[in-house]
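All remarks here apply to the structure that follows.
Every heavy atom of this structure was used, including side-chain atoms; hydrogens, water molecules and symmetry mates were not.
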Amino acid sequence: MKLIALSIATASALSITSATAQSLPDNMYIDGYIDISTSDIIGTSETLGRASLNFGLEPNRGGGLGVGFSIGIDAVDLGGTPISEAAVYPAITFALGNTGLLSVGVPRPVLNYGYIPQDTMAHSAAVKTFLDFSGVNDSITTMLYLYDPAPLNLYGLRYDGEFGNTKIGASYHKISDSSSPNDADVYSVAFQHRLGAIGRLGDTKLFGGVELFDDSGTKFSTYIFGIEAKSDKLRTGLKLSKLDAAIGATTANLYADYKFTDNFSLAGSILHIDPDGGGANADVYGLGVEYQFLNGGYLNANYSASDILPNDTFEVSLGWRF
């Protein structure tokens, strides 16, 4: 229900925004997606609703007060289960010269937004949600804030800077949990460096990040590094991650998508998971097709197979990207 309410409210606001786009300031931005998917997982039909949205007003870098705001929304609703969660990231933003930005309040961690590609699983909403929940594909702060059963208080700072072909970000968050006597400190850094065009691969970039979690009793780290190349029709990438924790894992994600037309594309991915502590390795293979319509709508279908599941997974998703 949280997802539905947030989706309706946000979609209404965005429809008004779209209708009046000509009168909006140039530094207003909106990005993210809302979708709903139905899937057959291990012989069981499930419905999954998701939203991940960001909108705000960037500070005026050419003069004036140089103050803006940002709001992020994450939500997930797994039909037929008690899982229905939502998280909101409001922050005030301040321009630091022409290339820097400081966010104060509840900014998104840099490992979650702005530097690390997230759409690497061949349009599979179920696989991406599983990876996010496990903490091996995204910021642990984001996962805890969205899924922790105890109410969390979260606040922090974020810095984003751009220097030539390199973008660098750093964030700090303090997490207090009513069920724990200790507050947690989370430190994150991330980067993205544009290498430029490399032959037929197209525009190529390196990306990576590190996140350190410390609550005085539990300490663990997340490391992500990769490379991605994109041309007019083809995108390819390799994303490596490691969750260094009591129950951790190392993953390697090879992904690609190809646009046959402006509206139709094919995507594929291979994910290798190597759990720490001697557990069995796993490989997840995904293949997806997508049709885009209007100016942001999409309908996609995905097939995923794994050597650790007795059944393959089929998904169909309908959504909107902003």
Side-chain angles (χ1 to χ4, degrees), residues 1-15 17 30-55 70-90 106 108-109 111-113 118-154 175 177-179 284 286 288 290 292-294 296-304 306 309 311-322:
M1 292 301 103
K2 294 179 182 178
L3 175 65
I4 295 172
L6 277 172
S7 298
I8 292 173
T10 305
S12 299
L14 294 177
S15 65
T17 298
I30 300 169
D31 62 61
Y33 63 87
I34 297 174
D35 66 19
I36 186 167
S37 62
T38 180
S39 60
D40 181 72
I41 305 173
I42 320 179
T44 302
S45 180
E46 298 286 357
T47 299
L48 173 64
R50 305 181 304 159
S52 183
L53 298 164
N54 305 280
F55 54 95
S70 65
I71 299 176
I73 297 172
D74 286 339
V76 61
D77 191 337
L78 184 56
T81 77
I83 299 178
S84 180
E85 307 292 345
V88 182
Y89 297 85
V106 191
R108 285 189 183 272
L111 217 65
N112 169 254
Y113 178 67
Q118 298 290 322
D119 53 339
T120 64
M121 299 313 304
H123 308 311
S124 174
V127 174
K128 184 183 185 306
T129 301
F130 167 77
L131 289 176
D132 292 346
F133 182 79
S134 67
V136 300
N137 187 57
D138 200 346
S139 165
I140 194 68
T141 307
T142 305
M143 186 276 287
L144 290 174
Y145 193 39
L146 182 61
Y147 290 108
D148 197 293
L152 296 182
N153 293 316
L154 181 72
I175 304 175
D177 185 342
S178 59
S179 67
V284 182
E290 180 172 278
Q292 299 178 9
F293 56 91
L294 299 178
Y298 60 89
L299 174 66
N300 61 48
N302 168 273
Y303 164 79
S304 299
S306 171
L309 296 176
N311 293 68
D312 299 343
T313 301
F314 301 91
E315 296 174 69
V316 177
S317 300
L318 177 65
W320 196 276
R321 295 190 187 98
F322 300 93

#### Entry: Any residue meeting side chain to side chain donor-acceptor pair (under 3.5 Å) with Y145, in chain and number order, not counting sequence neighbours
none
### Listed partners of Y147 passing side chain to side chain donor-acceptor pair (under 3.5 Å), at least two apart
none
Test item: [X] side-chain N/O and [Y] main-chain N/O as donor-acceptor pair under 3.5 Å:
{"X": "N302", "Y": "A122", "value": "yes"}
{"X": "R50", "Y": "A126", "value": "no"}
{"X": "E290", "Y": "H123", "value": "no"}

### Message
Under the salt bridge (charged side-chain N to carboxylate O under 4.0 Å, His left out) definition, can you give me all pairs with a residue in residues 134-144, not counting sequence neighbours?
### Response
none
Test item: [X] and [Y] side chains (from C-beta on) under 4.5 Å apart, heavy atoms:
{"X": "L48", "Y": "D35", "result": "no"}
{"X": "L146", "Y": "F133", "result": "no"}
{"X": "I175", "Y": "T141", "result": "yes"}
{"X": "Y113", "Y": "T142", "result": "no"}
{"X": "F55", "Y": "I73", "result": "yes"}
{"X": "Q118", "Y": "N137", "result": "yes"}

Rounded to the nearest 0.5 Å, what separates atom [atom1] in [X] from atom [atom2] in [Y]?
{"X": "S304", "Y": "M121", "atom1": "OG", "atom2": "CE", "result": "7.0 Å"}
{"X": "T129", "Y": "L78", "atom1": "OG1", "atom2": "CG", "result": "8.5 Å"}
{"X": "I34", "Y": "R321", "atom1": "CD1", "atom2": "CZ", "result": "12.5 Å"}
{"X": "W320", "Y": "L318", "atom1": "CH2", "atom2": "CG", "result": "10.0 Å"}
{"X": "S37", "Y": "K128", "atom1": "OG", "atom2": "NZ", "result": "12.0 Å"}
{"X": "F130", "Y": "T313", "atom1": "CZ", "atom2": "OG1", "result": "11.0 Å"}

For the residue pair [X] and [Y], what are the closest heavy atoms and their distance?
{"X": "M143", "Y": "D132", "result": "CG-O, 3.2 Å"}
{"X": "G32", "Y": "L53", "result": "C-CD2, 4.0 Å"}
{"X": "G72", "Y": "N54", "result": "CA-OD1, 3.8 Å"}
{"X": "E315", "Y": "S124", "result": "OE2-OG, 2.5 Å"}
{"X": "Y298", "Y": "F293", "result": "N-CE2, 3.4 Å"}

